[in-house]
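This report refers to the structure that appears directly beneath it.
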Amino acid sequence: MPTFSLKLPPPFEEAVKSMEREIMRFLMRSTGDREDAMDLFQETWLRAYRSYPRLQSEDGLRPWIFRIASNLCRNRARDRMRRGRVIANETADGAMPADNAPNHLNGGPEGALHLKRAISRLPGKQGQALMMRKFAGLEYTEIGVALNCSAESARASVYQALKKLRLDE
Amino acid sequence: MKTNRMATQVKESAPIDDRMLDAMIGQTRPRIERAMKLLRRPQARVGVISSPLGRLLIAESDRGLAAIHFLFIDGAERTLAMLRKKFDLIENEASARRIGAEIDRVFEGDFSAMAHPVDLSLVESDFQRRAYASLRKVPPGAVITYHGLAATVGQPDSQRAIGNTMASNPVPIFVPCHRVIRSDGTIGNYGGGVDNKIKLLRAEGFEVGRDLRLPSRAVMGHRRTGIFCRPDCSAARRADPAKMLIFADAKCAGHAGLRACKLCKPA
């Protein structure tokens with residue numbers, strides 16, 4: 001039997017310190033709102049701390065924490081949608097607010113705004129995968145871990161997302 | 001690629017610079033700190049030492065010893081995983097060495113050395129907690145049977161459950177599960193290996209023979225009346241098993257403050 005040598009994972013704060021900015025940036029890009037991003041950052045932090053003991057290996061830390069962050073983003077988006085529906089029903093309007101964004105992609109802030117909206121219209125997983133790939137710069141394998149799917153599926157999600165964005169153009 | 005260009009475009013049109021992120025992180029920091037006060041797990045210091053019982057993994061919290069694992073037996077990783085659920089672990093050899101020194105002193109004959117408090121955070125069941133608490137009242141130089149210990153917990157028929165409880169003892173040596181033997185007088189099994197059980201019992205004065213039985217000089221002591229008898233004394237046989245301890249010999253029982261029975265005259 002090999003002799004046991006004690007190797008403890010680093011304390012939580014130390015382990016995630018270098019990822020703070022990255023996570024906040026991801027949340028800011030995902031939610032597009034400063035207050036929301038800060039709320040979700042706090043929640044990501046606390047959730048990650050709570051389940052840190054269950055993380056098997058430190059190698060998976062980065063995708064794991066992005067997975068927590070993206071799950072929280074998704075939850076929030078879903079809650080918003082539900083709440084939006086209730087309000088819509090109450091006003092007996094029935095119709096969602098019209099999206100009057102210009103349907104073309106050109107340079108400048110308008111094009112950027114359009115891209116943001118286009119991303120927000122993508123199905124959850126595709127949008128998340130695209131954000132992680134293009135904005136946070138994660139590897140496909142990391143996205144796979146974060147979104148609980150294979151690297152291939154992550155690559156396909158990004159591909160589908162791009163295809164839809166191009167059709168939108 | 002076009003989307004890369006678009007992503008760059010988004011980044012440039014709505015830049016999120018590091019200063020802004022740092023400011024946002026700084027603003028959330030006090031809120032996180034407040035929430036962490038409620039969530040934070042207590043700390044435990046972990047280290048590995050060599051002892052007369054082999055290499056040991058030792059974890060100590062502020063409340064006391066939380067875990068000891070015999071490293072020649074598999075499962076150290078599992079012990080660490082269990083500890084991580086309850087504690088934030090930090091490596092600290094000095095803390096482990098202090099505990100190691102206490103174990104060394106026991107082997108030099110100083111039984112009072114093993115008075116370190118224990119932290120039973122890893123124990124989930126109430127039955128097990130009660131069993132460990134009542135086991136800690138068995139002094140060095142005495143042993144109790146599985147049946148007897150079950151009786152002290154108020155469930156005299158639960159000797160098997162006591163056996164399982166001893167097998168899953170998170171703090172062996174200090175929660176002295178080596179002081180629990182079978183009712184037939186054989187010393188039974190031990191999570192840290194029978195050899196270590198014999199070593200510990202010998203260090204505490206029990207000369208366990210090759211047949212793995214208690215020495216013939218062993219006497220039965222009654223904790224309530226403070227009287228010790230020969231095992232075959234009619235008074236000892238009638239006594240409540242929850243009250244009975246087995247001492248290595250009359251001298252050990254005398255040290256524990258008991259007097260000899262006037263019927264069987266064991267001294």
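Chain naming here is simple, since letters A, B, ... match the order of the sequence lines and numbering starts at 1 in each. Because only heavy atoms are used, hydrogens play no part in the values below, and waters and symmetry mates are left out as well, while side chains stay in.
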Result for side chain to side chain contact (heavy atoms under 4.5 Å, CB included) between A:R29 and one of A:M132, A:M131, A:K134, A:M24 points to A:M131
Does a salt bridge link [X] with [Y], judged by any charged N lying under 4.0 Å from a carboxylate O?
X      : Y      : result
A:D39  : B:R31  : yes
B:D126 : B:R130 : yes
B:E124 : B:R129 : no
B:D22  : B:R29  : no

Contact residues of residues 39-47 of chain B (partner chain A; heavy-atom separation under 4.5 angstrom): B:L39, B:R40, B:R41, B:V46, B:G47
Among residues 61-69 of chain B, which ones touch chain A with a heavy-atom distance under 4.5 Å? none
Side chain, backbone, both or neither: which part of [X] has a non-hydrogen atom closer than 4.5 Å to chain B?
X      : value
A:L27  : neither
A:E13  : side chain
A:R133 : neither

What I'd like to find out is whether the side chain of [X] reaches to under 4.5 Å of the side chain of [Y], using heavy atoms alone.
X      : Y      : value
B:I181 : B:I144 : no
B:V138 : B:V143 : no
A:K164 : A:L122 : yes
B:L200 : B:F206 : no

When B:E204 is tested against each of B:K199, B:K197, B:R179 for salt bridge (Lys or Arg N to Asp or Glu O under 4.0 Å), which residue passes? B:R179
Is [X] close to chain A through its backbone or its side chain, or both, or neither, when contacts mean heavy atoms under 4.5 Å?
X     : value
B:D18 : both
B:L83 : neither
B:L80 : side chain

Distance under 6.0 Å and angle within 45° of ring axis: B:R84 vs A:Y52: yes
How far apart are the closest heavy atoms of A:R74 and A:N71, and which atoms are they? NH2-OD1, 2.9 Å
Pair A:K7, B:E91 - check salt bridge (Lys or Arg N to Asp or Glu O under 4.0 Å), show working. CA-CA 9 Å; A:K7 191 174 164 289; B:E91 207 171 325; over 6 Å; no
Looking only at A:P11, A:A37, A:P9, most heavy-atom pairs under 4.5 Å shared with chain B are made by A:P9
Relative to chain A, which of B:K86, B:K85, B:M36 shows the most heavy atom pairs under 4.5 Å? B:M36
